[in-house]
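Structure, as C-alpha cells:
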Amino acid sequence: MVEKAAPLPTGYISNSGKLVFPASALRDLGIDPESTHFKIGTQEGKRKIKSVYLVPAAGSDQTFSFEKSGRGHVIPLALILKKGNVNFESEKLIFKISTFDFDQNIKGFELAIETEAPKPEYTGKPRGRKPKAAVDAE
C-alpha cells in the first residue's frame, strides 16, 4: 500500500496585502502565532516574487509577527509584495507552505505563491428536467 503524502498547508493573500494563515495551517506547522517572530525574505534578483521565505527569529527587532484576524492570523506585507510586483489587489492568490532547513537547528517556511485556479468546467451529465422539444406545428 502506497502512503499518500499529506497535502501542503495553504493560506492566501488578502486584497489588502496580508498573508492570511488559517488556524489549521499554523497548527499543522507547529507555529505559535502569539510568540513567534519571523525574518522575511524573497529571491534575490527577481522582478516578480514567486516565493516568500519566513525564518523564525529570536529577537523582535526587524522582524514580523502575527496579528489576530477572524479565525486565523495575518502578517501584513503589502509594501514588500507591491515592490515584488505581486498583484494581490485584483487577483485571488494562494500560497502553499513547505519547510526547509535554514540552519542546523532552524526550520524555515517557504510560501510558494500561485493564482487560485478557476473551477474546472463541468463536463458530466446534465441534471434536472429535460428541456421541452421545440414542436413545429404547421
Side-chain angles (χ1 to χ4, degrees):
M1 189 169 146
V2 176
E3 236 180 88
K4 202 164 127 184
L8 296 175
T10 60
Y12 66 94
I13 300 175
S14 72
N15 56 7
S16 59
K18 295 178 180 174
L19 301 178
V20 180
F21 293 83
S24 61
L26 292 174
R27 198 172 39 250
D28 291 349
L29 295 167
I31 298 173
D32 175 20
E34 306 301 320
S35 63
T36 309
H37 294 278
F38 289 106
K39 288 195 182 271
I40 294 185
T42 59
Q43 302 105 317
E44 218 164 298
K46 301 280 185 190
R47 281 195 182 149
K48 187 169 182 174
I49 296 174
K50 299 260 192 251
S51 292
V52 175
Y53 300 94
L54 305 179
V55 179
S60 60
D61 53 309
Q62 297 184 355
T63 61
F64 293 83
S65 61
F66 286 102
E67 295 174 5
K68 181 83 175 119
S69 171
R71 286 185 277 173
H73 286 79
V74 299
I75 298 178
L77 283 185
L79 202 61
I80 292 172
L81 294 173
K82 259 202 189 342
K83 280 184 181 174
N85 292 328
V86 176
N87 186 7
F88 55 83
E89 289 159 334
S90 60
E91 282 185 283
K92 180 82 170 148
L93 298 171
I94 60 170
F95 53 84
K96 290 188 175 156
I97 308 167
S98 57
T99 57
F100 66 93
D101 290 324
F102 180 71
D103 265 338
Q104 259 37 50
N105 50 5
I106 297 177
K107 260 200 193 324
F109 302 97
E110 178 184 0
L111 314 181
I113 299 171
E114 43 191 69
T115 57
E116 190 172 60
K119 204 170 176 183
E121 191 67 38
Y122 181 70
T123 57
K125 219 161 79 173
R127 303 279 182 224
R129 287 185 151 176
K130 293 193 178 5
K132 288 183 179 176
V135 179
D136 289 311
E138 281 188 31

Test of understanding: clusters of I, L, V, M, F, W, Y form through side-chain heavy atoms closer than 4.5 Å, transitively. Do Tyr53 and Ile80 belong to the same one? no
Please say yes or no: joined through hydrophobic side-chain contacts below 4.5 Å, possibly via intermediate residues, are Val74 and Ile97 part of one cluster? no
Quick one, Ile75 with Phe66, criterion side chain to side chain contact (heavy atoms under 4.5 Å, CB included). Give me CA distance, side-chain angles, the key distance, then yes/no. CA-CA 5 Å; Ile75 298 178; Phe66 286 102; 3.8 Å; yes
Are the side chain of Lys83 and the backbone of Asn85 linked by a donor-acceptor contact shorter than 3.5 Å? no
To the nearest 0.5 Å, what is the distance between CZ on Phe88 and OG1 on Thr115? 16.0 Å
Assess the residue pair Phe102 and Leu54 against the criterion (side chain to side chain contact (heavy atoms under 4.5 Å, CB included)); give the C-alpha distance rounded to whole Å, side-chain angles, the decisive distance to 0.1 Å, and a yes or no. CA-CA 10 Å; Phe102 180 71; Leu54 305 179; over 6 Å; no
Contacts of type ring pair (Phe, Tyr, Trp, His ring centres under 6.0 Å), residue Phe95, not counting sequence neighbours: Phe21
Looking at every non-hydrogen atom in both residues, tell me the closest pair between Phe109 and Pro56 and how far apart they are. CE1-CG, 4.4 Å
Only one of Ile113, Thr10, Leu111 forms a side-chain contact (heavy atoms from CB on, under 4.5 Å) with Lys96, so which one is it? Thr10
Check the hydrophobic clustering (I, L, V, M, F, W, Y; side-chain heavy atoms under 4.5 Å; chains of links allowed) and say if Ile31 and Phe64 are grouped together. yes
Report all side-chain donor-acceptor pairs from residues 34-51 shorter than 3.5 Å, counting only partners two or more places apart or in another chain.
{"from": "Ser35", "atom 1": "OG", "to": "Asp32", "atom 2": "OD2", "distance (Å)": "2.8"}
{"from": "Thr36", "atom 1": "OG1", "to": "Asp32", "atom 2": "O", "distance (Å)": "2.7"}
{"from": "Ser51", "atom 1": "OG", "to": "Glu110", "atom 2": "OE2", "distance (Å)": "2.9"}

Show the numbers, then the answer: is there a side chain to side chain contact (heavy atoms under 4.5 Å, CB included) between Ile13 and Val20? CA-CA 6 Å; Ile13 300 175; Val20 180; over 6 Å; no
